[in-house]
Each structure stands twice: as structure tokens, then as C-alpha cells.
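Everything below concerns the one structure shown next.
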Amino acid sequence: MLNNNCPVDKFYICSCFCTDNIFLENYKLHVRYVSEEQFKWDYKKILGSIGCTTVTQFDVVLQKVRAEVERRKSLSVKSEERTAYIQKHYIPLYPHVYHLQEEYLAPEFIQIVQYSLSNSATLDGLLKLIQSETARVYRFPVFTNEFCHKLIEELEHFEESDTPKGRPNTMNNYGILLNELGFDDTFISPLRERYLSPVASLLYPDCGGKCLDSHKAFVVKYAMNEDLDLSYHYDNAEVTLNVSLGKEFTEGNLYFGDMRQQQNPQMALSQCALTVHSATLMMLQVPLSETECTEVEHRVAEGLLHRGQQMHGALPISSGLRWNLIIWMRSSQERNRLCPMCNKKPTLVEGDGFADGFTKGDVPGERALCVLH
């Protein structure tokens, strides 16, 4: 059964948020920036080997990286400003979609959750109710088609308004941060706590699934002449839910590879044929040509649940438009030991709301097991 006695007063971010995992879209590379000297030392040869060959091109990259660092430093303040403006000025098209109701959920999903909460629930029993796509990537219906349609109409209504909007992350240019729009307390939190946590506790007990105590939720949009695809990456999460909301689109399947820590940095080095600083090794992506990936179809109203540290991406859509709901679910019990983004003991920095899911001190064992059977 679900035990809601996992109170956390305050969440934090890791200081690496302002320095690490900065994505260079033109070069499909994640980089780290501490200083100009460090950046040149770590990345000038690597960038040169993949097309950044002139001084002007490198200066453009440097400007973009610096701008992203500054954006991240001011993110909390800017987000507060946007949230306050939205609350004051934005009039929702469908106010009811901001409050989770069980009628919005697919009957199959309710059955899966009820089973997961039962005293007799086992992993083998749960796997009979959901579809296993590849190594620990699972598919199941989440919402009704009617709800997906209403939610998209609400999102498009907001998108067309003149209210300020925040970028969901460094890799997606088009989308909406759901906490700023007002979905967190009345929709995403109860969805995580009452419905997703019991399922994740059975599927992912070894990577935080038993105590998912925070999240970051956003929607991303793929459309012609906008973002078409999403490069190979991993999430700042212990467990991720990705739901295709619609509308009409063709292609755009997801693909999944290995867990990030299982990747061999020497494969990336052989691709670059360079000797680089050791701090750079963890930032290199294994080329997709040298990685075995499984392609998974994304179907409207269905969710794909996977480990956040599993490498994955999205192939380009060839027509139409697709909205995806993404929920990065986090376990402070796991990430307090090791930041999943910098692979170090987190250095905590003040943050707002759920921040990046870190907490001060270890979670006592009696509180850590948030989902019990």
C-alpha cells in the first residue's frame, strides 16, 4: 500500500546545473563550462573534429554556452516572474483539466495501479498487465483519448496567449513548463503519488522507484519547421514517464539504448581519435552507429515508463504535430548519494519548489520506504 509519510520540507539543486550538460544542438554534444580556459582545453579539438573548424565558429559556440550558463543562473527568478504573471493574467480555456480526476485515466491504467497497491502484488503479476518493449521499458495506457484532446486544446490556448513562456529544457525548444502553468499541486503531484509511485515501486525498486518524492513535469511539441526530433540523451530523473498526447503525426518513434553508466567512453574516444581531459570522458555521447538501440512506437494516450538514466532519443516526425507529456520523477534517497548529472556527491544550492529533487541529509530508513507492500 502507499505510505504518504515521506515529508520533505525543502528541495535543492546541485551546483553542476550551472556548469554541466550544456547541449550544443549543431554538434550533438553535451559540454561542461567552468571557464573559457577550461572549455578550450576540453573541447576545442573535439569540436574541431566534428565540424567546428574556424575561430568564428568556435566563438559562436562559446557565446551560446555562456548565454546558456547565464540563463540557468537566472532561471529560478525568471520562472517565479513568469508563474506570477500567468496566475494573474492567464484565463484557462478548460479550468477542470488542471485538477486530476480518475475519469481522465484509462481504465487499464486504473487496473494496473489497483493491482500494484494490492497486498498480493508481485513484479511477475504486474508484467502480465503491461507491455514490455525492451530492457525495462514498459508501455501502458495512461489517459483517455477525450482527456488528451482537451489537454492539448488547453495547451494550445496557452501557447497562443501573450503570456511569457519558459523553455522546458536545453534540448527542447518548444513546450511548456507545467509547474508555471499551475498543474503541479492539483494534477502532477497526485498523479505521481497515488498512481505512478505504486507501479514504479514494483518495476524499479533498485533505482528509487520506492520513494519518488519529487518531479519535474513539462510538455514538448514536435512540429514541421520546429523541433522534429530529440537527440540521444539521458534524463535528470530516476524514473521517467513519457505520454504521447497527440495530435495527428507520422513516424517519430522513440529509441532506447543502454544505461548511461554502462557506456564505454573508449568507444567515443575512438570516434574522435583524440586524447582528451578525463573530465570530458563522461560528457561524450557514444555514437548511435556504435550503439544497439530498440525502436519503440509512440501511441496516443499511452505512456512509456523507463529509467531516467537509460539513453534514449526521438526520431523525427515526418508530418503533423505531436505533444508529449514528460514527467521526470526523482528520488532524493537515490540522488542525495550521487548526482545523476555530474556523477559526484551533490553540492546543494537553494532552489524553488521541487528544484532538482535533492534534500539535505539522508532520508532515514523508516521514511525512505515510501511504498510498501
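Quick caveat: nothing in here was measured; it's all calculated off a predicted structure.
Under a 4.0 Å N-O distance rule, the pair Lys64/Glu68 does not qualify as a salt bridge. Between Glu297 and Arg299 there is a salt bridge, since a side-chain N of the basic residue sits under 4.0 Å from a carboxylate O of the acidic one. Here Arg136 pairs with Asp206 in a salt bridge; the nearest charged N to carboxylate O distance falls below 4.0 Å. In summary, Lys28 and Glu25 engage in a salt bridge, as defined by a charged side-chain N under 4.0 Å from a carboxylate O. Salt bridge status for Lys221 with Glu226: present, with a side-chain N to carboxylate O gap under 4.0 Å.
With ring centers used as reference points, Tyr33 lies 6.0 Å or more from Phe23.
Counting only distance, with no hydrogens or angles, the side chain of Gln310 and the backbone of Gly257 share a donor-acceptor pair below 3.5 Å. Remark: side-chain polar atoms of Arg330 are paired, donor with acceptor, to backbone N or O of Asn236 under 3.5 angstrom. For Lys165 (side chain) and Thr163 (main-chain N/O), a donor-acceptor pair under 3.5 Å exists by modelled atom type.
For the residue pair Asp42 and Gln38, a side-chain donor N or O sits within less than 3.5 Å of a side-chain acceptor on the partner. There is a side-chain donor-acceptor pair under 3.5 Å between Ser79 and Glu180. Using modelled atom types and a 3.5 Å distance limit, the side chains of Asp184 and His215 yield a donor-acceptor pair. With 3.5 Å as the limit, one finds no donor-acceptor pair spanning the side chains of Asn179 and Thr83.
A perpendicular orientation is assigned to the rings of His306 and Phe256, their planes being inclined by more than 60° (bins at 30° and 60°). In this pair, Phe354 and Phe11 present their aromatic rings perpendicular. The plane angle is above 60°, beyond the 30 to 60° band.
Here the shortest heavy-atom pairing between Asp185 and Ser189 reads O-CB, 4.2 Å.
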Name each donor-acceptor pair under 3.5 Å that joins a side chain in residues 346-353 to protein atoms two or more places apart or in another chain, with its distance.
unit_1, atom_1, unit_2, atom_2, d
Glu350, OE1, Lys10, NZ, 3.1
Asp352, OD2, Ser76, OG, 2.2

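Distance CD/Glu156 to CD1/Ile176: 9.0 Å, rounded to 0.5 Å.
At a threshold of 4.5 Å between side-chain heavy atoms, the hydrophobic network of Ile, Leu, Val, Met, Phe, Trp and Tyr places Met259 and Leu304 in two separate groups.
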